[in-house]
Amino acid sequence: MNIILLGAPGSGKGTQAAKLVEFFNIAHISTGDMLRAAVSAGTPLGLEAKSFMDAGNLVPDEVVIGLIKDRMGDEDTNKGFILDGFPRTTSQAIALDEQLAELARSIDVAIAIDVDPEVIVQRVCTRRFCPTCGRITTASEGDTCLMCGCKLETRADDKEDVVRKRLEVYEQNTAPLIDYYRGKGILHPIDGDRSIDEVWADVQKIVTED
Ligand code: AMP
């Protein structure tokens, strides 16, 4: 099963992707995670990406398309994959189609998680992560990770002004992909303004009925 998760930042793509990974045991490909790893490691790619990410802008297409091209060559993607945060522009979607055609693969479903932008601002500004175990949680948990006791942190791009910029960028560049995948007959929109379990019930239904 090859799945694309579409949705604004903070719509719950990462959370549903983690559930899908567990359900199908397939590869989770998050360009945001790959770019953050490159930034933390201080690689030339990370240094190039950092300023775009900190400002809430998209990293240039050629950089992320290159990352995905390499990642799709990994063996674990043969049994299926979940794309989380890619594609984010029409050029990326076209490049993906071309690469999948070369590999004789295709996307089975594109799931678009829809959440009201003001709900997103509230969600993302209270999002915290544990730099040690990688767990994503909320400010309501306090300052320390309940799993490993480390100090929780806020992502640099989860500040309100940057979140609003990211939402603007999403509307302009990524929202048009909803029509792109609708045109291919593989789009499944779902209401993401519900509990994680309710959204998961819909996601599960889509991927098992497809
Ligand atoms: P995310 O974790 O998916 O919200 O991504 C965090 C940031 O990484 C985004 O705000 C962008 O700056 C960058 N990024 C992630 N995926 C892409 C992509 N497909 N195209 C361009 N920039 C991306």
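Values reported hereafter were calculated over all heavy atoms of this structure, with side chains retained and with hydrogens, waters and symmetry mates removed. Counting starts at 1 for both ligands and their atoms, following the listed order.
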W200 and L20: side chain to side chain contact (heavy atoms under 4.5 Å, CB included), yes or no, with the steps? CA-CA 9 Å; W200 171 237; L20 282 165; 3.8 Å; yes

Could you check R36 against D33 for side chain to side chain contact (heavy atoms under 4.5 Å, CB included), going step by step and ending with a plain yes or no? CA-CA 5 Å; R36 278 185 290 279; D33 285 351; 2.9 Å; yes

Yes or no on side chain to side chain contact (heavy atoms under 4.5 Å, CB included) for T89 and V64, after CA distance, side-chain angles and deciding distance? CA-CA 11 Å; T89 64; V64 275; over 6 Å; no

Would T31 and Q92 count as a side chain to side chain contact (heavy atoms under 4.5 Å, CB included) if you check the C-alpha gap in whole Å, the side-chain angles of each, and the deciding distance to 0.1 Å? CA-CA 12 Å; T31 39; Q92 292 178 17; over 6 Å; no

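Near R155, meaning under 4.0 Å from one of its heavy atoms, ligand 1 places the atoms 1 (P), 2 (O), 4 (O), 6 (C). Using a 4.0 Å cut-off to heavy atoms of N57, the atoms of ligand 1 that qualify are 11 (C), 12 (O). Proximity to R166 (heavy-atom distance under 4.0 Å) selects the following atoms of ligand 1: 4 (O), 10 (O). Taking every heavy atom of Q92 and a limit of under 4.0 angstrom, the matching atoms of ligand 1 come to 18 (C), 19 (N), 20 (N), 21 (C). Below 4.0 Å from some heavy atom of L35 lie the following atoms of ligand 1, by number and element: 8 (O), 13 (C), 14 (N), 15 (C), 23 (C).
Heavy atoms of V59 found under 4.0 angstrom from ligand 1 belong to the backbone as well as the side chain. Looking at K13 against ligand 1, nothing comes within 4.0 Å, counting heavy atoms. Both the backbone and the side chain of L58 come within 4.0 Å of ligand 1, judged by heavy-atom distances.
Atom 16 (N) of ligand 1 has as its closest protein heavy atom T31 OG1, 2.8 Å. The protein heavy-atom contact nearest to atom 8 (O) of ligand 1 is M53 CE, 3.5 Å. Atom 15 (C) of ligand 1 has as its closest protein heavy atom R88 NH1, 3.3 Å.
Considering backbone and side-chain atoms together, D33 places no N or O closer than 3.5 Å to any N or O of ligand 1. Residue D157 places no N or O, backbone or side chain, under 3.5 Å from any N or O of ligand 1. Backbone and side-chain nitrogen or oxygen atoms of D84 are examined, and none is located within less than 3.5 angstrom of a nitrogen or oxygen of ligand 1.
Here the rule is side-chain hydrogen bond (donor to acceptor under 3.5 Å, both in side chains) with D202, and of H188, Q16, R194 only R194 fits it. Under the salt bridge (Lys or Arg N to Asp or Glu O under 4.0 Å) rule, D158 has a single partner from R164, R166, R128, R123, which is R166.
By the 4.5 Å heavy-atom criterion applied to side chains, L96 and I107 are counted as neighbours.
Residues D157 and R155 are paired through a salt bridge, judged by an N-O separation under 4.0 Å between the basic side chain and the carboxylate.
Annotation for L146: atom CG counts as buried by contact number, over 12 foreign heavy atoms lying within 6.0 Å.
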